[in-house]
Amino acid sequence: MSTPYAKLPAWADYGLIPVINLFVAFVVAGFVVLLVGENPFRAAVILVEGAFGRGTGIAFTLFYATTFIFSGLSVAVAAHCGLFNIGGEGQGYIAGLGIGVVCLAFDSVLPWWLTFPLAIIASAAMGALWALIPAYLQAKRGSHIVITTIMFNFIAASVMVYALVGFLKPAISMAPQTRTFLDGAQLPKLNWVIELFGAKIRSAPLNVSFLLALVMAYLVWLLIWRTRLGYEMRTYGHSPKAARYAGISEIRIVIVAMMISGALAGMMALNPTMGDQHNVALDFVSGAGFVGIAVALMGRLHPVGIVLAAILFGMLYQGGAELAFEMPAISRDMIVIIQGLVILFAGALEHMFRPYIQALFASISPKAVGIEAVKGKGA
């Protein structure tokens, strides 16, 4: 007889298992810290205090989380349709060029609250168009979406270099970047919100794109679980054959899902370009497109989980910088190792502890967890 399959309660499936995976990741990371001769408990305290102990740390944590929310939502939308979009880096790059053109054209004639909507449209449109090509190749030619989106990351990086050393670079500058945006294309900071709670912030780039990220998370929830399009996407993601039998156009649903995914990936470029550095420079995405994969997996492809996972990775970025400063033996490379362990246990080994938790729930209350005994023919 095979082992019974237990359908876990939602709070265990979406809360308990990710927490256990995260705990194990930090335990293993603690052993890594111990190997270099540092106290893992002190390292954990520095990590948390660096991210949430001061107002500036909180602001930086939320700033990093903003970009990760966009990239995580991008991956999640595609994943619900059974697609693995790992082209967020390239879609963000191309969207940055669209943002740059809008900001350079209107920053001297429009206030930020008019430039910002135009930049949102430009970033979403450019990201969606860059995702359209791999989507078309997948839907019409059968090309694998993973391969095409990977290759389009490299193409986008080359396009970025061409643009920033060419027509977007000021004539008097040697740096491969645009000129600094004027006030009409600089997003206002949200640091005052944290200061309302008594925290002091010296300088941090948290800006209104964080609010846009939260709005997009809500809209993605509406799309996936409250619209016909979202139902079709989830149906196709679960079973393409069933979707075709139900009359859902495979070409349409793949292209639409990837374009929405690309639009979300493109909007992550708003945070670093308009909210922080106030220009478009090389490598402004800084790997956020790939971090979005881990954020989406850890958040179980749900917008609420993605927001929480994005804040966690924002904590690792900000707290990791403080940790590397306070403990010189822990280099930035070791911070990357810790991030990798979180990705490993939250993503690749996501289901490692599930059988044991299922068995525990089954032994405590079989009826409560809804066991469906699956009897095999073998012993």
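It should be emphasised that the depicted structure is a prediction, and the values quoted were computed from it without experimental measurement. Numbers here simply count residues along the sequence, with the first being 1.
- Cluster annotation: I337 and L35 are assigned to distinct hydrophobic clusters (Ile/Leu/Val/Met/Phe/Trp/Tyr, side-chain heavy-atom contacts under 4.5 Å, transitive).
- In this structure, I255 and A139 approach most closely via the heavy-atom pair CG1-CB, 4.3 Å.
- With hydrogens and angles ignored, the 3.5 Å screen pairs a side-chain donor or acceptor of N191 with a backbone N or O of A204.
- In terms of modelled atom types and a separation under 3.5 Å, the side chain of E89 and the main chain of G287 share a donor-acceptor contact.
- For the atom pair CG (L211) and CE (M216), the distance works out to 11.5 Å, reported to the nearest 0.5 Å.
- The two residues E250 and R244 make their nearest non-hydrogen contact at OE1-NH1, 3.1 Å.
- Here CG of N279 is found 10.0 Å from CZ of F284. Values are rounded to the nearest 0.5 Å.
- With contacts defined as side-chain heavy-atom distances shorter than 4.5 Å, the pair T149/F84 does not qualify.
- Proximity of P272 to T67: side-chain heavy atoms (C-beta onward) are separated by under 4.5 Å at one or more points.
- The two residues A265 and S74 make their nearest non-hydrogen contact at CB-OG, 3.5 Å.
- At a threshold of 4.5 Å between non-hydrogen side-chain atoms, the residues M268 and F68 do not count as touching.
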For R179 and S173: C-alpha separation, side-chain torsions, deciding distance, then whether side chain to side chain contact (heavy atoms under 4.5 Å, CB included) applies. CA-CA 8 Å; R179 65 166 172 81; S173 173; over 6 Å; no

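- The two residues P170 and T178 have their closest heavy-atom pair at CD-C, 4.0 Å.
- Residues N271 and T66 bring no donor and acceptor atom of their side chains to less than 3.5 Å of each other.
- Atom CG of N21 is separated from atom CE of M298 by 7.5 Å, given to the nearest 0.5 angstrom.
- A donor-acceptor distance shorter than 3.5 angstrom exists from the side chain of R234 to the backbone of I224, with no hydrogens or angles considered.
- Distance alone, capped at 3.5 Å, places no donor-acceptor pair between the T115 side chain and the A185 backbone.
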Under the side chain to side chain contact (heavy atoms under 4.5 Å, CB included) rule, what do L47 and F26 come out as? Steps first, then yes or no, please. CA-CA 11 Å; L47 185 72; F26 278 108; 4.0 Å; yes

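- Using the six-membered ring where Trp is involved, Y64 and Y317 have ring planes that are tilted, between 30° and 60° apart.
- When all heavy atoms are compared, the tightest approach of A175 to K169 is O-CD, 3.1 Å.
- Closest approach of L206 and F63 over heavy atoms only: CD1-N, 3.9 Å.
- Here the side chains of L190 and L62 are not in contact, with every heavy-atom distance at 4.5 Å or above.
- If you take CG on L83 and OH on Y236, they are separated by 7.0 Å, rounding to the nearest 0.5 Å.
- Not a single donor-acceptor pair under 3.5 Å links the side chain of T61 to the backbone N or O of Q318.
- Using a 4.5 Å cut-off on side-chain heavy atoms (C-beta onward), I20 and I357 make contact.
- Under a hydrophobic-cluster definition in which Ile, Leu, Val, Met, Phe, Trp and Tyr are linked whenever side-chain heavy atoms come within less than 4.5 Å, directly or via other members, V45 and L22 are assigned to different clusters.
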Carefully, step by step, assess I260 and L229 under the rule side chain to side chain contact (heavy atoms under 4.5 Å, CB included). CA-CA 11 Å; I260 295 173; L229 175 61; 4.1 Å; yes

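- A distance-only check finds no donor-acceptor pair linking the side chain of N85 to the backbone of V75 [under 3.5 Å].
- Hydrophobic clustering (ILVMFWY, side-chain heavy atoms < 4.5 Å, transitive): M151 and Y93 are in one cluster.
- Clustering ILVMFWY residues whenever any of their side-chain heavy atoms sit less than 4.5 angstrom apart, transitively, puts L301 in a cluster other than the one holding V19.
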Side chain to side chain contact (heavy atoms under 4.5 Å, CB included) for T56 and I201? Distances and angles first, verdict last. CA-CA 5 Å; T56 301; I201 298 179; 4.0 Å; yes

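- In this structure, the separation between CG on D276 and CD on Q186 is 10.5 Å, given to the nearest 0.5 Å.
- The backbone N or O of H144 lies less than 3.5 Å from a partner atom in the side chain of T148, making a donor-acceptor pair.
- Considering only heavy atoms from C-beta on, W221 comes within 4.5 Å of Y218 through its side chain.
- By the 4.5 Å heavy-atom criterion applied to side chains, L97 and V101 are not counted as neighbours.
- Here the straight-line distance linking atom CE of M126 with atom CD1 of I94 works out to 6.0 Å at 0.5 Å rounding.
- Counting only distance, with no hydrogens or angles, the side chain of W130 and the backbone of F152 share a donor-acceptor pair below 3.5 Å.
- Looking at F106 and L114, their side chains never come closer than 4.5 Å, going by heavy atoms from C-beta outward.
- Both V208 and L196 sit in one connected hydrophobic cluster of ILVMFWY residues. Membership requires side-chain heavy atoms under 4.5 Å apart, directly or through other members.
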